[in-house]
Amino acid sequence: MKKKSVLFLCTGNSARSQMAEALLRSKAAEQFEVFSAGTEPEQVDPRAIDAIQKFGVDASHLLSKNVQTFAGQAFDYVITLCDKANSECRSFPGAGKQLAWDFPDPKTRKGSHPFSSTLTELNNRLSMFLLVESKTSATATIEAPAEVEPLDVEALTDVEPIVFYKCLTDDIRLKTLMLTHYHGELCVCELMAALDEDSQPKVSRNLALLKKANILSDRKHGQWVFYRINSALPLWIKSVIAQTTENNIALILPHLDRLDSMKNRPDKVSFCR
């Protein structure tokens, strides 16, 4: 069986994308050829190497590379790990499927173990990715060391807890957050297809509620409006959304399948500068 290819993109290719490359190789080297690159590559951060090794994963192969190294090369998956890389490579030429994940930069993240915390979050997200894309729960997992601390809490955008949890009580809003967490950003028509929902006003109304609560943000491109998890949310809210999705992925597997088979999905302009 031919291996699928995955390219992780970040700005510096110095920490997050290196962690993701090492983790996915360790977890599923028999299924995937894994690469990483940066739009503005820097030297691999030694703290990232240290965190990877403490996690029990080989880091000896990691090198920082420019995204132009892979110009003209096709990948089954291209996954951006920060908003800057996503905006610069919103639709990577040759990508079979592109996901836009956003993780805090461990180099500026608060807390006593920022690199280990980011590595743990990446490990959880990749376990979800493997479960979805492989359609099997038989994937090997790596447990985080006991000394890794929980997510840091740093309030960025104020959201009242009661407002946030009320937003999770509706089936459309909950699954919208889970689907958006997985894909990075989606538009109304994509959500309608995924949720098998014929009423655009109904979906739009729920998106408006999530946006009003500052849980989702949007961007307009041509005739399309794309929605994503608000990157300025406090980490405790991001953690709730992430853990809800990663531990209940079966809830949205049928919706992900419908989205994968959707015809005429909106074209996100191809550019990578």
Side-chain angles (χ1 to χ4, degrees), residues 78-80 82-87 89-92 95 97-102 125 128-129 132 156-271:
V78 173
I79 303 176
T80 56
C82 65
D83 275 340
K84 190 172 187 297
N86 179 47
S87 66
C89 303
R90 198 174 295 283
S91 185
F92 191 89
K97 181 185 288 189
Q98 185 156 346
L99 303 176
W101 297 347
D102 183 33
R125 186 74 66 91
M128 179 184 72
F129 168 80
V132 171
L156 299 173
T157 291
D158 290 332
V159 178
E160 290 292 330
I162 193 166
V163 172
F164 170 65
Y165 284 111
K166 279 183 177 179
C167 286
L168 304 185
T169 60
D170 178 86
D171 186 66
I172 287 180
R173 292 197 294 272
L174 175 60
K175 289 179 179 176
T176 291
L177 290 176
M178 294 172 73
L179 290 164
T180 307
H181 172 76
Y182 185 78
H183 270 278
E185 63 176 9
L186 294 169
C187 73
V188 175
C189 64
E190 290 175 306
L191 287 166
M192 288 176 64
L195 298 168
D196 198 20
E197 179 57 64
D198 294 329
S199 173
Q200 180 174 336
K202 184 177 181 180
V203 175
S204 295
R205 185 168 60 250
N206 283 284
L207 285 168
L209 287 170
L210 290 168
K211 186 183 175 187
K212 183 178 180 180
N214 289 322
I215 296 169
L216 287 182
S217 60
D218 64 3
R219 71 171 182 93
K220 193 173 189 305
H221 179 74
Q223 63 178 316
W224 307 107
V225 178
F226 293 94
Y227 295 85
R228 63 183 296 119
I229 305 296
N230 185 355
S231 61
L233 283 173
L235 287 177
W236 73 265
I237 290 182
K238 290 182 179 179
S239 176
V240 170
I241 296 172
Q243 292 189 36
T244 299
T245 306
E246 291 155 9
N247 289 285
N248 297 278
I249 197 65
L251 185 64
I252 59 169
L253 276 176
H255 307 296
L256 291 169
D257 288 339
R258 277 198 289 270
L259 188 55
D260 281 344
S261 61
M262 178 183 176
K263 305 294 184 184
N264 301 317
R265 289 181 68 175
D267 180 32
K268 301 173 185 178
V269 172
S270 297
F271 66 98

query = Hey, are the side chains of H255 and L191 touching, using non-hydrogen atoms and a 4.5 Å cut-off?
reply =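 Not in contact.
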To the nearest 0.5 Å, tell me how far [X] [atom1] sits from [Y] [atom2].
{"X": "L195", "Y": "L186", "atom1": "CG", "atom2": "CG", "answer": "9.5 Å"}
{"X": "I215", "Y": "N230", "atom1": "CD1", "atom2": "CG", "answer": "9.0 Å"}
{"X": "L179", "Y": "L259", "atom1": "CG", "atom2": "CG", "answer": "7.0 Å"}
{"X": "W224", "Y": "K220", "atom1": "CH2", "atom2": "NZ", "answer": "10.5 Å"}
{"X": "L233", "Y": "S239", "atom1": "CG", "atom2": "OG", "answer": "12.0 Å"}
{"X": "C187", "Y": "R219", "atom1": "SG", "atom2": "CZ", "answer": "10.0 Å"}

Partner residues of [X] under the side-chain hydrogen bond (donor to acceptor under 3.5 Å, both in side chains) criterion, sequence neighbours left out:
{"X": "K97", "value": "E133, D260"}
{"X": "R205", "value": "none"}
{"X": "D102", "value": "none"}

Please report the shortest heavy-atom distance between [X] and [Y], naming the atom on each side.
{"X": "C189", "Y": "M262", "answer": "O-CE, 3.8 Å"}
{"X": "Y182", "Y": "L256", "answer": "CD2-CD2, 3.9 Å"}
{"X": "P254", "Y": "L251", "answer": "CD-O, 4.1 Å"}
{"X": "L207", "Y": "L216", "answer": "CD2-CD1, 3.6 Å"}
{"X": "T176", "Y": "T180", "answer": "O-OG1, 2.6 Å"}
{"X": "T244", "Y": "M178", "answer": "O-CE, 3.9 Å"}

query = side chain to side chain contact (heavy atoms under 4.5 Å, CB included) with L99: which of V78, I79, N86?
reply =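 Only match with L99 under side chain to side chain contact (heavy atoms under 4.5 Å, CB included): I79.
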Side-chain donor/acceptor of [X] to backbone N/O of [Y], under 3.5 Å:
{"X": "E185", "Y": "A100", "answer": "no"}
{"X": "K238", "Y": "S231", "answer": "yes"}
{"X": "T169", "Y": "Y165", "answer": "no"}

ask   = Does the pair H181 and E246 meet the rule for a side chain to side chain contact (heavy atoms under 4.5 Å, CB included), with working shown?
value = CA-CA 10 Å; H181 172 76; E246 291 155 9; 3.5 Å; yes
